[in-house]
Amino acid sequence: MRLESFIKKNTCQLAVLIDPDKFDSRLIAIANTCRIDCFLVGGSGSLKRSVNSVVKAIKKQSTIPVILFPGNEHQLSAHADGLLLLSLLSGRNPEYLIAKHVRAAPKIKKMQLPFLSTAYLLIGGGAESTTQKVTQTQALTQPKEILNTALAAQQLGFKAIYLEAGSGASKNISTALIQRMRKEIELPLIVGGGINSLQKAKKIKEAGANLIVIGNALEKNPDLLFNISVIFNPK
Ligand code: 1GP
């Protein structure tokens, strides 16, 4: 099952990322009033709380779609509405390029989870991110290399590109890079990492992102969602 219609080209949607270990029902309640497009659920590394229990808790409280954003093959739930099937194309670690997918494939089939094949690109420039540490990979820094990786993803049949600056990054993905990708790559662009203000979200939206992901900043201050979501749901 595919999830291609989930990210609409020519629009920009908003996703709230829920780290299962930092689940806060107040953020879900706020999201319900802000009409965000989806929750992403997942975390890098091993989790104390299961993804399945958090997906079920969100489902009890909200009708907003819940999409898995798995850090590994164990972070799956049949209760989710779909899955970002991420392959870490910025790195050269076979575990995160294909090995985990081979282990997850029969589970995804059994759960009948709709999925979106997504090229996951770690973009560097600041401090080493948790994902870099966990996956033991380097982030991409050179625009040409980033572009060619995205082009390869497109040619290989991936359905979306995730430009990841790293959770809580001090430097989010630059608007120049998003604009360049927008011109040369046809796939929908998901952008996340370090987006912690309305101004940043607005610039990224205007640069051409199709889905903006915010986690860290909302864990710290759930009320920020009232402020940021305005540009996604103009009233
Ligand atoms: C992290 O891109 C996501 O994987 C979101 O980043 O937590 O910094 O918002 P933040």
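All heavy atoms count here, side chains included; hydrogens, waters and symmetry mates do not. This is a predicted model, so every value here is computed, not measured. Both counts, for ligands and for their atoms, begin at 1 and track the order of listing.
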- May I have the step-by-step check of side-chain contact (heavy atoms from CB on, under 4.5 Å) for I67 and V41, ending in yes or no? CA-CA 6 Å; I67 309 292; V41 179; over 6 Å; no
[X] side chain to [Y] backbone, donor-acceptor under 3.5 Å:
X	Y	answer
H101	L86	yes
S62	I64	yes
E73	V102	no
N172	G192	no

- Task: Test the K8-F6 pair against the cation-pi criterion, namely NZ or CZ under 6.0 angstrom from the six-membered ring centroid and within 45° of the ring axis.
- Result: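 No.
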So if I count the atoms of ligand 1 from 1 in the order they appear, which ones are less than 4.0 Å from some heavy atom of [X]?
X	value
G192	2 (O)
N216	7 (O), 8 (O), 9 (O), 10 (P)
F69	4 (O)
I214	9 (O)

Among all protein heavy atoms in this structure, tell me which lies nearest to [atom], with the distance rounded to 0.1 Å.
atom	answer
atom 4 (O) of ligand 1	E164 OE1, 2.5 Å
atom 9 (O) of ligand 1	G215 N, 2.8 Å
atom 3 (C) of ligand 1	Y162 OH, 3.4 Å
atom 8 (O) of ligand 1	G168 N, 2.6 Å

- Item | T118 and its side-chain contact (heavy atoms from CB on, under 4.5 Å) partner, picked from I190, L89, L85 |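 One option only clears the test, and that one is I190.
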- Task: Out of G193, S167, G194, indicate the one that has the non-hydrogen atom closest to atom 5 (C) of ligand 1.
- Result: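 The option holding the nearest heavy atom is G193.
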